[in-house]
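Report on the structure given below.
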Amino acid sequence: MCGIVAYIGPRDAAPILLEGLQRLEYRGYDSAGVAVAAKGGLKVRKSKGRVAELAALVPARFAGKAGIGHTRWATHGVPSDVNSHPHLDGAERIAVVHNGIIENADELRAKLQAEGCVFQSETDTEVLSHLIAGLATEGVELEDAVRAALKRVVGTYGIAVIDADQPDRIVVARNGSPIVLGIGEKEMFAASDVAALVRYTRQVVHLDDGELATVRADGFNTFTQEDARATAKQPSIVDWEEASYDTAGHAHFLVKEIHEQPTSVERTLSGRIDERFNTAHLGGLNMDAREARAFRRVKILGCGSAYYSGELGAQLIEELARIPAHAEPASEFRYRNPVIEADTLYIAVSQSGETYDTLAAVQEVKRKGGKVLGVVNTVGSAIARECDGGMYLHAGPEISVASTKAFTSTAIAFALIALHLGRVHDLSPADGRRICAGLKAIPGQIREILDQEKVIADLAAKYAGHEGMMFIGRVRGYPVAREGAQKLKEVSYVHAEAYPASELKHGPLALIGPELPTVAIVPDDELRDKNLTALGEIRARSGPVLMVGHTAPDPKLAEDCILVPRNEPELDPILLGIPLQLFAYYAAVALERDVDKPRNLAKSVTVE
Ligand code: F6R
């Protein structure tokens, strides 16, 4: 998804902007551009393609102490040099970079054209440059011009604006698309993602929706879009390591992050296991035991892999706390006028904390008076700020578009929440102790699975040639199958479908044959025999089977097998998912896919 970087201070902006844009490359983009405010006016370079191509266009002498940069992911108009941001007005006084979508752009464009504005691009963003310039040339201060222009706009945005005639400031604004300010020593930064800032500063301020900021070299002030009322902001400190933004010798971020999981899980668990009372210590939930007991239901909301991790979470909560729990895609929930119940606990899941559908679902619950907790990785993100409490994953920044370590840490977070809710209900101390011990064993067991990398890579190469794959699992194994199928299709573009193993005979068995392999999740639980029966049905139709489980079955039932260490049955799904991440990664490698930049996908989906 698009990225924004802005700088103002004593240094030349361009190298800082280009470096920041490189840090945002992981989000997915098709073109890039920069504009700096220099003595003689604005200097602009933009191009379709990679940031490296843009950097080659920027001359060594490109002086300007204030500037904005952008990576674009096309929505209005094809990827091209001219459609790349920044966008300027006709007099080249104002430059704008924009993330999000302006829904009434066509209508505004027609009006502006009728007034004589000549448009260069097909983008929705360009209307903003003309609107702001129209006011600025009448002598309106830049921040007032931006505010007035935004009043005419319907849609979502994160924007940064510079004015050749007022080069002492950059104005930024947020509505549905993140903007974070970075505070330096006599210099200031702004970006859509802290990844672009961590090299320069750790002190950040997150803008809220409906907020603008004027950013100058010596500081910033924030105010509301509605009535220009000053707002008070408290800076927070980003504790993510700069090293997380490098592949550190790995071929791709995806495989690096798969390998980080023993330590990212340790961080998620750190300080949260309470062995005295065999429970989880989760102060951030902001709930005492009485309140935690009062909930009759749990509803988990997230999108994509966050939703699948929520399905694992719902099962954990039902099993350990015996509270009815259910996960639903936030993207559906928000559009169906959901009934919000006072005795339901809502939990929003998001790695980025900025997914627009999930944020909108949280806002819908809150508007109707519901209580929402967040299970979020990115500290200070919009969803985290919107929730009434929750847990941070502390998994570290996830750069790979395909989520792995955040998925696993979310499942761990749900195990902790389930343990906590279980222990205020009827989970016995002995069962609590069993789950605590199981959780503590997980990092080591993930290491054992990662040690099988070579075997899994060979299997992935063997199966990658097929046009499609079926993933099946039953009850605890079903969300694992769904996430396994999701990973495979995202990074290898191999068609993958997930089904409950119990549903095979109700339809999808018709697909099974030698050309469609099945990945079957078969833990050693009470459903193993039923799962093996399903494998028999697949083999009877000559369907190849790769089984992921604890004990190798009769070779007649599965020609290949990946075995994982056994934990507690409730926690086993967390481990069963790990080989499927490696499987998807190596299938993509075998098919020579661009693993860290999968086609059509962006890291965080901040539009509807
Ligand atoms: C899958 C993936 C996506 C995200 C989804 C939600 O690998 O990355 O399905 O899980 O877009 O993103 P977050 O968790 O940032 O809300």
Side-chain angles (χ1 to χ4, degrees), residues 261-295 298 300 309-325 345 347 373 375 389-395 405 407-449 475-477 479-480 521 523-528 549-551 563-578:
Q261 291 179 107
T263 45
S264 54
V265 165
E266 270 161 12
R267 281 200 304 270
T268 308
L269 288 172
S270 175
R272 286 169 164 163
I273 291 181
D274 177 349
E275 283 178 300
R276 184 160 163 231
F277 294 108
N278 304 308
T279 184
H281 175 72
L282 302 174
L285 301 191
N286 299 332
M287 282 197 293
D288 61 20
R290 189 179 307 212
E291 206 184 340
R293 278 186 69 89
F295 290 110
V298 176
I300 301 170
S309 67
E311 288 197 310
L312 281 182
Q315 292 198 5
L316 279 158
I317 290 169
E318 276 208 11
E319 283 200 78
L320 298 180
R322 305 302 300 153
I323 305 174
L345 174 62
I347 305 181
L373 299 180
V375 173
M391 277 179 76
Y392 280 120
L393 300 178
H394 300 306
K405 63 177 182 172
F407 177 88
T408 304
S409 281
T410 305
I412 296 283
F414 274 117
L416 290 165
I417 292 172
L419 175 62
H420 176 79
L421 292 176
R423 291 289 293 125
V424 296
H425 283 86
D426 297 325
L427 190 75
S428 69
D431 274 331
R433 192 173 317 117
R434 182 173 68 76
I435 298 299
C436 288
L439 283 169
K440 283 167 61 184
I442 285 179
Q445 291 179 314
I446 294 178
R447 282 190 188 96
E448 286 177 46
I449 297 169
V475 186
R476 295 186 192 111
V480 178
I521 315 304
D524 279 1
D525 62 9
E526 61 282 7
L527 297 170
R528 178 177 156 88
H550 296 128
T551 313
L563 298 183
V564 305
R566 200 178 286 119
N567 194 294
E568 296 302 328
E570 299 90 335
L571 302 176
D572 279 332
I574 302 174
L575 294 165
L576 290 161
I578 307 287

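These figures come from a predicted structure and were not determined experimentally.
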Sequence-distant partners of S409, side-chain hydrogen bond (donor to acceptor under 3.5 Å, both in side chains), two or more places apart: T268

Quiz: residues 278-286 side-chain donor-acceptor pairs under 3.5 angstrom, not counting sequence neighbours:
unit_1	atom_1	unit_2	atom_2	d
N286	ND2	D388	O	3.1

To check you understand the geometry: which heavy-atom pair defines the closest contact between A415 and L320, and what is its length? O-CD1, 4.4 Å

Gap separating the CE atom of M391 from the CD1 atom of I417, nearest 0.5 angstrom: 5.5 Å

Steps toward side-chain contact (heavy atoms from CB on, under 4.5 Å) verdict (D572, H550): CA-CA 9 Å; D572 279 332; H550 296 128; 3.3 Å; yes

For the residue pair L312 and A411, what are the closest heavy atoms and their distance? CD1-CB, 4.0 Å

Which atom names give the shortest non-hydrogen contact between A321 and A418, and what distance separates them? CB-O, 4.1 Å

If we ignore hydrogens and angles and just use 3.5 Å, is the side chain of Q315 paired with the main-chain N or O of V475 as donor and acceptor? yes

Taking atom CG of L373 and atom CZ of F295, what is their separation to the nearest 0.5 Å? 7.0 Å

Quick test of your reading: applying salt bridge (charged side-chain N to carboxylate O under 4.0 Å, His left out), list the pairs with at least one residue in residues 314-324, sequence neighbours left out, ordered by first then second residue. E319-R476

Where V375 and A413 come nearest, the two heavy atoms and their spacing: CG1-CB, 3.8 Å

Using 0.5 Å steps for rounding, measure from the CZ atom of R566 to the CG atom of D525. 10.5 Å

Would you mind reporting whether I323 and L345 have side-chain heavy atoms less than 4.5 Å apart? no

Who pairs with T408 by side chain to side chain contact (heavy atoms under 4.5 Å, CB included), at least two apart in sequence or on another chain? Q261, V265, I446, I574, I578, Q581

Smallest heavy-atom separation, E448 atom then P565 atom, equals OE1-CG, 3.6 Å

Can you sort out the partners of R293 under salt bridge (charged side-chain N to carboxylate O under 4.0 Å, His left out), two or more places apart, ordered by chain and number? none

Only counting residues at least two apart or in another chain, list the ones meeting side chain to side chain contact (heavy atoms under 4.5 Å, CB included) with Y392. V376, V379, A384, H394

Distance in Å, R267 CZ paired with L393 CG, rounded so as to fall on 0.5 Å steps: 10.5 Å

Quick one, D274 and R423 - any side-chain contact, counting heavy atoms below 4.5 Å? no

Please confirm whether the backbone N or O of T551 pairs with a side-chain atom of R528, one donor and one acceptor, at under 3.5 Å? yes

Listed partners of A441 passing side chain to side chain contact (heavy atoms under 4.5 Å, CB included), at least two apart: Q445, N567

Can you tell me how far apart CG (L419) and CZ (F277) are? Round to the nearest 0.5 Å. 13.5 Å

Taking only residues two or more places apart in sequence or in another chain, which ones pass side chain to side chain contact (heavy atoms under 4.5 Å, CB included) with D426? none

L571 versus I412: any side-chain heavy-atom pair under 4.5 Å? no

Determine the minimum heavy-atom distance between I300 and A314, stating which atoms define it. CD1-N, 3.5 Å

Sequence neighbours excluded - side chain to side chain donor-acceptor pair (under 3.5 Å) pairs with any residue from residues 433-443: E275-K440, D431-R434, R434-E568, R434-E570

